[in-house]
Structures are given as C-alpha cells and as structure tokens.
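As the structure lists them, so they are numbered: ligands from 1, and atoms in each ligand from 1.
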Amino acid sequence: MAQQDFDFIRQLAYRESGIVLPDRKQHMVYSRLSRRLRALKLSNFNQYCQRLEDDGCELINFINALTTNLTSFFREAHHFDYLERHLVPQWQQRRNRRLRVWSSACSTGEEAYSIAMTLAKHFPPANWDLKILATDLDTNVLDKARDGIYNQEAMANLPKKLLDKYVEPGPKPDEVKLSESLKQLIHFKQLNLLGDWPMQGPFDLIFCRNVLIYFDLQTKAKIISQFRQLLAEDGHLFIGHSETLHNVSSDFKLIGQTIYQPQHAALARQRLGIGA
Ligand SMILES: C[S@@+](CC[C@H](N)C(=O)[O-])C[C@H]1O[C@@H](n2cnc3c(N)ncnc32)[C@H](O)[C@@H]1O
C-alpha cells in the first residue's frame, strides 16, 4: 500500500467515522481492506481508492471493514454489578416508570442483551416502560445483533439462571438464540456518533464503552458534551476500561470505576453522603 493511498484511506475514515488511523495501524488497514479488494476484483489499493471516490456505495463496506467490533456478554462485569446493586434499587423507587438506556457502540449486540438480561426481571413490561436503544456505525454488526443468534461458546460463562430464562436453541447445533422477550426491549439502529443524533432523551444510563479510544480529543469532547445534553440530571455514563474523561470533559464526575455522573448530580450525592 503506497503512503498516498494510506493517507487517502485514513483521511476518509476520519472524516466519515472519527476513527483515527495512526501509521502503526497500516498493517491492520491493509489486511482488513484486502478483503474488499478481492471482493471487487481490484489488483491494488490505488484502484480501491479510486473506487471509493467514484462509487459512494462502497463507503459503507469500507467503514464496516475498518471498525473493530470486539465485544462479549457481560464484558467489564463491574458495570453490570453496579447496575444491579445501585441503579436498579434507585430506579425501583421511582414514581415515573420510564427507563431509557443507550448502548451507543453496541457492536454485535452482546452489551445490549447483557443490559436487558440485568434489567428485565426487575422491570417487567406490564409495570415499566423500559427501552434499550442500541446503536452502532457498522451495519454488518447490527444485522447480527438484530438476529440475536450467537455461538454457544459466547455464552458459556453465563449463569444457568439466565441461560434457562433467556436463551433458546439456535438454528444450528452449536448456536443459541436470545428470547423474544429480551429482543422486544431493544431497538437496534444505525447511528454515527460523529453525526447528528435524532434522539430526544433523557437517558437514565448511557454505555459508551471501548469506542472513545478510536477518536481524537476533539471528537471525544464533542460526543461527551452531546451525551451530557441527552442524559437525565441523575443519569450515569459508563465508559470502557482503558478510557477516561480526564482532560476531555468537566461536565462529568468520576464516581466509580469508569462510571460517571453529571457534575452537579455527583455533588448532590456527596452532600447526601451517598457513596458509589
Ligand atoms: C470495540 S467495539 C465495542 C463494543 C462494546 N461497546 C463493548 O465494549 O464490548 C467498538 C464499536 O464502536 C463502533 N464505532 C466505531 N466508530 C463509531 C462511530 N463513529 N459511531 C458509532 N459507532 C462507532 C464500531 O463499529 C464497533 O462496533
């Protein structure tokens, strides 16, 4: 891959997704986009860059190829513990029975289904208006998420109670399928964190985990300030294990391990002597 092709590719990726591709990622870009070259029967990256310029439809495949979609059920389990131990009891006290949670870079859906499994038993649809919005830029991962079909191994570590309640046999012997009752709680939609967001909020909880690492400071700051606008005054924001809002935003206060609240809500908690 010539340097000028890599530069074209990274500028396009940055413009369309906010994803920053430093020089050290050139090998990864090469191997991920080689598949597109083969599919389009192109013999070099220069031709592929030309195709991207001439054919707007290739852009979606380009972005899908470049995203990193690693995820798993109950990844970073401490967030789900916090949800169950601290937020569920708080939310159960509410008069207003509306709950909104957003998994904002949901990949293949494991994060959203883990949220649904944590909340479903506490907030039955007959009594609660619980909705989980799950969005991602990559259209391929969203198709998989909507299907809700996973390899059995992906759920090997889930407690038997959850498996019995929410997991059914899948179409193939080594596959399993998540129950309709869980699926009904989740709306999967394509959304670019870099673009305009149509949602009104307010959200009680936003998961934005393991995606900020791909963005530069300016993009992170813009996204975090938009989260602040959409988050309820007493809402929470969960970010990934290697991410921080330190030097990114002063709108949020760290109240637990990669768990944030809007600044003033966190101060009110302190005054009331409520720990994380
Ligand atoms: C590593 S996965 C994280 C999945 C999940 N949140 C977790 O922590 O397990 C990162 C996801 O961010 C998505 N992504 C990257 N850039 C994005 C953007 N600009 N807008 C929305 N999603 C984006 C990718 O498609 C990918 O599915």
Side-chain angles (χ1 to χ4, degrees), residues 9-22 25 28-29 32-33 36 59-83 101-118 132-148 150-151 154-155 157-158 186-199 203 205-227 230 236-245 248 257-260:
I9 285 165
R10 65 173 158 191
Q11 276 161 24
L12 188 62
Y14 181 71
R15 192 185 76 201
E16 296 296 323
S17 69
I19 296 173
V20 175
L21 294 169
K25 297 247 171 119
M28 182 204 83
V29 170
R32 290 184 180 182
L33 292 181
R36 290 307 306 151
L59 189 61
I60 197 153
N61 297 317
F62 169 77
I63 294 295
N64 288 354
L66 287 180
T67 56
T68 298
N69 309 118
L70 183 77
T71 188
S72 55
F73 287 98
F74 294 94
R75 181 181 192 187
E76 297 174 39
H78 66 95
H79 282 149
F80 298 94
D81 287 347
Y82 188 87
L83 182 54
V101 181
W102 179 19
S103 163
S104 69
C106 67
S107 187
T108 38
E110 288 85 334
E111 182 173 279
Y113 287 113
S114 305
I115 299 168
M117 283 190 253
T118 308
I132 299 163
L133 173 68
T135 61
D136 201 282
L137 173 64
D138 182 333
T139 53
N140 288 338
V141 292
L142 288 168
D143 288 341
K144 182 166 166 54
R146 282 188 198 100
D147 286 345
Y150 298 90
N151 201 286
M155 297 201 187
N157 294 328
L158 260 64
I186 310 173
H187 297 266
F188 289 105
K189 290 227 154 34
Q190 198 215 8
L191 182 134
N192 189 346
L193 287 170
L194 207 65
D196 293 329
W197 306 347
M199 306 85 78
F203 287 96
L205 172 59
I206 298 176
F207 281 67
C208 182
R209 306 190 312 164
N210 304 303
V211 64
L212 293 174
I213 32 166
Y214 300 108
F215 301 145
D216 62 13
L217 182 62
Q218 189 191 336
T219 307
K220 284 184 214 178
K222 178 171 177 279
I223 292 170
I224 297 300
S225 108
Q226 286 176 262
F227 283 152
L230 281 184
H236 289 75
L237 171 66
F238 292 175
I239 65 172
H241 63 287
S242 59
E243 298 162 333
T244 174
L245 298 191
V248 175
Q257 189 184 349
T258 54
I259 296 176
Y260 289 82

Aromatic rings Phe238 and Tyr82: how do their planes relate, parallel, tilted or perpendicular, breaks at 30° and 60°? perpendicular
What protein heavy atom lies closest to [atom]? Include the residue and the distance to one decimal.
| atom | answer |
| --- | --- |
| atom 7 (C) of ligand 1 | Arg75 NH1, 3.3 Å |
| atom 14 (N) of ligand 1 | Val211 CG2, 3.6 Å |
| atom 8 (O) of ligand 1 | Asn210 ND2, 2.8 Å |

[X] neighbourhood, listing ligand 1 atoms whose heavy-atom distance to it stays under 4.0 Å:
| X | answer |
| --- | --- |
| Arg209 | 3 (C), 5 (C), 6 (N), 7 (C), 8 (O) |
| Glu111 | 5 (C), 6 (N), 7 (C), 8 (O) |
| Leu70 | 1 (C), 2 (S), 3 (C), 4 (C), 9 (O) |
| Thr67 | 24 (C), 25 (O) |
| Asp138 | 25 (O) |
| Ser107 | 4 (C), 27 (O) |
| Ala105 | 3 (C), 4 (C), 5 (C), 6 (N), 11 (C), 12 (O) |

With rounding to the nearest 0.5 angstrom, report the [atom1] to [atom2] distance, [X] to [Y].
| X | Y | atom1 | atom2 | result |
| --- | --- | --- | --- | --- |
| Phe215 | Ser17 | CZ | OG | 6.5 Å |
| Leu66 | Asp138 | CG | CG | 10.0 Å |
| Asp136 | Asn69 | CG | CG | 6.5 Å |
| Ile206 | Leu237 | CD1 | CG | 6.0 Å |
| Asn210 | Ile239 | CG | CD1 | 9.5 Å |

Ile223 and Val211: side-chain contact (heavy atoms from CB on, under 4.5 Å), yes or no, with the steps? CA-CA 11 Å; Ile223 292 170; Val211 64; over 6 Å; no
So the salt bridge (Lys or Arg N to Asp or Glu O under 4.0 Å) pairs with at least one residue in residues 105-118 (sequence neighbours excluded) are Glu111-Arg209
Scan for salt bridge (Lys or Arg N to Asp or Glu O under 4.0 Å) pairs involving residues 214-227, sequence neighbours excluded, and state none if there are none. none
[X] near ligand 1 by a heavy-atom separation under 4.0 Å:
| X | value |
| --- | --- |
| Ser17 | yes |
| Phe207 | no |
| Leu191 | yes |

Closest candidate by heavy atom, reference atom 9 (O) of ligand 1, pool Leu137, Thr71, Thr68, Ile19: Thr71
Where do Phe80 and Tyr113 land on the ring-ring contact (aromatic ring centres under 6.0 Å, His included) test, with the steps shown first? CA-CA 12 Å; Phe80 298 94; Tyr113 287 113; over 10 Å; no
Ignoring angles and geometry beyond distance, decide whether Asp136 reaches within less than 3.5 Å of ligand 1 through its nitrogen or oxygen atoms. yes
Considering distance alone, does some N or O of Leu193 sit under 3.5 Å from an N or O of ligand 1? yes
Indicate, as side chain, backbone, both or neither, the part of Phe74 found under 4.0 angstrom from ligand 1 when only non-hydrogen atoms are considered. neither
Please lay out, stage by stage, how Tyr214 and Val20 fare under the test side-chain contact (heavy atoms from CB on, under 4.5 Å). CA-CA 6 Å; Tyr214 300 108; Val20 175; over 6 Å; no
